[in-house]
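None of these values were measured; they are calculated from a predicted model.
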Number of protein chains: 2
Amino acid sequence: MAKVTLQTIADRLGVSRATVSYAFSRPDQVSAELRRRVMEVADELGYAGPNPTARSLRLGRAGALGLLFSETLAYAFADPYAVGFFQGLATAAEDAGVGLLILPLPHGDKRTEPVRNAVVDAFCVVSLPDGHPALDEVLGRKLPVVVVDEPYVPGHPFLGIDEPAAGALAARHVLELGHRRLGVAMVGLHDDGHIGWADVARQRAATFEAMRGRRDGYQAAAEEAGVDWAGVPFYELSRNSREAGRQAGHALLARSPRPTAILTNTDVLALGVLDAAADLGLDVPGELSVVGFSDSAAQDAGLTTIRQAKQEIGAEAGRLLLAGAPARPERLLFPHSLIVRASTAPPPLERH
Amino acid sequence: MAKVTLQTIADRLGVSRATVSYAFSRPDQVSAELRRRVMEVADELGYAGPNPTARSLRLGRAGALGLLFSETLAYAFADPYAVGFFQGLATAAEDAGVGLLILPLPHGDKRTEPVRNAVVDAFCVVSLPDGHPALDEVLGRKLPVVVVDEPYVPGHPFLGIDEPAAGALAARHVLELGHRRLGVAMVGLHDDGHIGWADVARQRAATFEAMRGRRDGYQAAAEEAGVDWAGVPFYELSRNSREAGRQAGHALLARSPRPTAILTNTDVLALGVLDAAADLGLDVPGELSVVGFSDSAAQDAGLTTIRQAKQEIGAEAGRLLLAGAPARPERLLFPHSLIVRASTAPPPLERH
DNA sequence: CCTGCCTCCTTAATCAATTAAGACCTTAAT
DNA sequence: ATTAAGGTCTTAATTGATTAAGGAGGCAGG
């Protein structure tokens, strides 16, 4: 079965290729009778319709939006925050009738061919660490780009929240409740797979801008309240999973003196910290307060968290990229808010 | 800024287009010195690299896998079963270095251009109702296709579980515990948005093959145990959400006599039924048993459910499509198993 | 009969690359 | 001096479509 193209059909009918093309894509340009015959022959020969790649080439549009995640896809789909963002973006893509091309970025691997070869009209970059090679590759494509959450790339629209402000809001909440012995569990600061305590220098050196900003907010609020940040135990994770959160929880809760409030930068991590507290028979919020982030998995667990407009961000990213006119390079900050649920309360009274 | 192509660079350097192409894609075919100059000029002119569409056309490979869902994307991402499947497929795509092109299929709309124009090497179709127009469109593309869950398309590989057997397994579990008054809540039977009671005729006429099979399993097990199926209240939903499950739960639990066991075809629905039970102050499993499906959201809630190998199915689908050699059109059934947790128990004793 | 206007179709340029085959020059071996 | 072998670049065919411009024929109106 040789390849069937427009030309094959044209030859069969003794007409020109152009005519066959018109029969498919502009029926009014061709007599009904001939069109019928074209379709008949196409059917007979098993023609698969105008080749989309050739069509794309000629028309100069790919009909797809490229999507880049730092994490492997398997992991990205597991993160409720990412899923929320996806939903928003997908809705925008749907409205525009374009596909969403999800590009894999294998972990350590530096293969960026998928980005170089992606047949897309624009890129949406989500949470790439500072200086990730794929980002250069994307910018090299000279297509419209928006960046979500991180990193900020001058000259392209940026969508996200005011991370330091959001972090400070979370921290201030427990500080205002009276907590002074804080603990922090964070994921997504570095790319190196490190798990364990992180000192202030390492915290500051985080390669992921958004998380770095979030942490800066924690610290600023703590210092504002007179808490010495260097004394705050800070546990770093490499995977955003409930199990990882539990591990961090155990590490933090084993400290003496034990923290009375733990800040986490994802809800999933916070759930794990709650697991750890349960393991130790600690009452939440009586003996321990826990704050999550994103309001992605928090509701059922009664978790206090920071809500961010995931879906709105995704939808707006899609809209910017599909609008036709190139978007102005603005820094668009979306609202966030503190959602107080049942995982935070004033600290237990000190014993004397 | 005019368009920059290989030719632009070639003209600038007074060499042929072929040479420039070689400089980019086969460095060993060109002297180091010339290659350096090519790169220099490319940089200077702001060349974005070989056009992926043209490249795709020439090479005859798109570097992407098309993915089709019946649901809108926003909804698909919200379903934990779908997410699990995604993860498996994404991993396979990642390994092969190809992208995943997610194609939108707007709800009622019959626009199938996205499928016609998708630049992909193969399609993976997931859970399309019988006779969905997009399926014809996909088959018309004459590319490799695998179908997951439904519908079965002769001539193409099919991946899924033995739905009637899995359904029967779920039903048999509660029947063996002694339940005789069953209730059923199902989603994804029809495409018409109907919410409410469904009689046997309507149940049988379901356009989604997998769910139809699952239901057949329920009925077979019930009749095997001597339960009259026509007397089993059957509530149909159009959305797979916790809230929908709650609605179905209330409808079913308001029946007299009240069912002692409720079968649902998704875990999310089952959670909603548990909510309804809680609303009514019913003890689960003391007064009511609930069975979910998929083991996607069941663990934390202690839900008895049927586990299916979501990720494995996704991974295998990817492998089949990316293997190079066309896959044999087999019906691949993956294992499923009953996971008994805390939501099922023998029915309460009858009062006299 | 001539003109103008449709309708239907063809011609040919264009989109932006890849790559087998061949030309040309230099160097090394016989 | 002759031949072979490399290295470097060019020629030209190929991938599969879209579409502006133009031509041929039919038909109506002046």
Side-chain angles (χ1 to χ4, degrees), chain A residues 2-39 41-42 45-63 113 116-121 140-143, chain B residues 1-38 41-42 45-63 113 116-121 140-143:
Chain A
K3 211 145 289 169
V4 184
T5 69
L6 283 186
Q7 189 71 64
T8 319
I9 299 177
D11 292 349
R12 230 342 162 76
L13 285 167
V15 301
S16 77
R17 171 169 76 252
T19 306
V20 182
S21 173
Y22 281 134
F24 275 96
S25 54
R26 279 216 241 155
D28 54 315
Q29 296 289 301
V30 142
S31 72
E33 162 59 10
L34 180 55
R35 185 177 133 84
R36 199 190 48 69
R37 280 165 51 218
V38 166
M39 293 307 170
V41 171
L45 296 179
Y47 179 57
N51 180 307
T53 308
R55 189 166 222 275
S56 270
L57 176 60
R58 183 63 237 243
L59 298 180
R61 330 173 309 106
E113 290 105 62
R116 214 196 310 270
N117 297 331
V119 178
V120 299
D121 296 314
R141 289 287 303 272
K142 320 258 171 184
L143 292 172
Chain B
M1 176 166 78
K3 212 145 290 172
V4 184
T5 71
L6 282 186
Q7 191 70 65
T8 321
I9 300 177
D11 292 349
R12 225 355 157 67
L13 285 167
V15 300
S16 78
R17 172 169 78 254
T19 306
V20 181
S21 174
Y22 281 134
F24 274 96
S25 55
R26 279 216 241 156
D28 54 315
Q29 298 286 302
V30 142
S31 71
E33 162 59 11
L34 181 55
R35 184 176 134 83
R36 200 190 48 69
R37 277 164 55 216
V38 167
V41 171
L45 295 178
Y47 179 57
N51 180 307
T53 307
R55 190 166 222 275
S56 269
L57 176 59
R58 182 64 238 245
L59 298 182
R61 336 171 306 108
E113 290 106 61
R116 214 196 309 271
N117 296 331
V119 178
V120 298
D121 296 313
R141 288 287 303 271
K142 320 259 172 183
L143 292 173

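Here B:Ser31 reaches the OP1 or OP2 of D:dC9: one of its side-chain N or O atoms lies under 4.0 Å away. The phosphate of C:dT18 (OP1 or OP2) has a side-chain N or O of B:Ser21 nearer than 4.0 angstrom.
A:Asn117 contributes no side-chain N or O that, together with a main-chain N or O of B:Pro52, makes up a donor-acceptor pair within less than 3.5 Å.
Within 4.0 Å (heavy atoms only), B:Tyr47 reaches sugar-phosphate atoms of the nucleic acid but no base atom. If you check every strand for non-hydrogen atoms under 4.0 Å, B:Ser16 touches a base. Backbone-only engagement by B:Thr5 is indicated by non-hydrogen atom pairs under 4.0 Å involving sugar-phosphate atoms exclusively.
The residue among B:Ala54 and B:Asp28 whose nearest nucleotide of DNA chain D is located toward the 5' end is B:Asp28. Nearest-nucleotide positions on DNA chain D for B:Ala32 and A:Leu6 put B:Ala32 closer to the 5' end.
Judged by distance alone, the side chains of A:Thr19 and A:Ser16 do bring a donor and an acceptor atom under 3.5 Å apart.
The side chain of A:Tyr22 has D:dT19 as its nearest neighbour among D:dT19, C:dC9, D:dT10. Residue A:Ser25 has its side chain nearest to D:dT18 when only C:dC9, C:dA17, D:dT18 are considered. Of the candidates D:dG16, C:dA17, D:dA20, the closest approach to any side-chain atom of A:Arg26 belongs to D:dA20.
Side chains of A:Val41 and A:Tyr47 form no contact here, defined as non-hydrogen atoms less than 4.5 Å apart.
Going from atom NZ of A:Lys3 over to atom C1' of D:dT14 covers 12 Å, rounded to whole Å. A:Gln29 places its CD atom 13 Å from the P atom of C:dT10, with the value rounded to the nearest Å.
No hydrogens or angles were tested; on distance alone, a donor-acceptor pair under 3.5 Å links the side chain of A:Arg17 to the base of D:dA17. Between the side chain of A:Arg58 and the base of D:dT18 there is at least one donor-acceptor pair of N/O atoms closer than 3.5 Å.
Both distances falling under 3.5 Å, in either a Watson-Crick or a G-U wobble arrangement, place D:dA12 opposite C:dT19.
Environment of CZ in B:Arg61: sparse, with no more than 12 heavy atoms of neighbouring residues, nucleotides or ligands closer than 6.0 Å.
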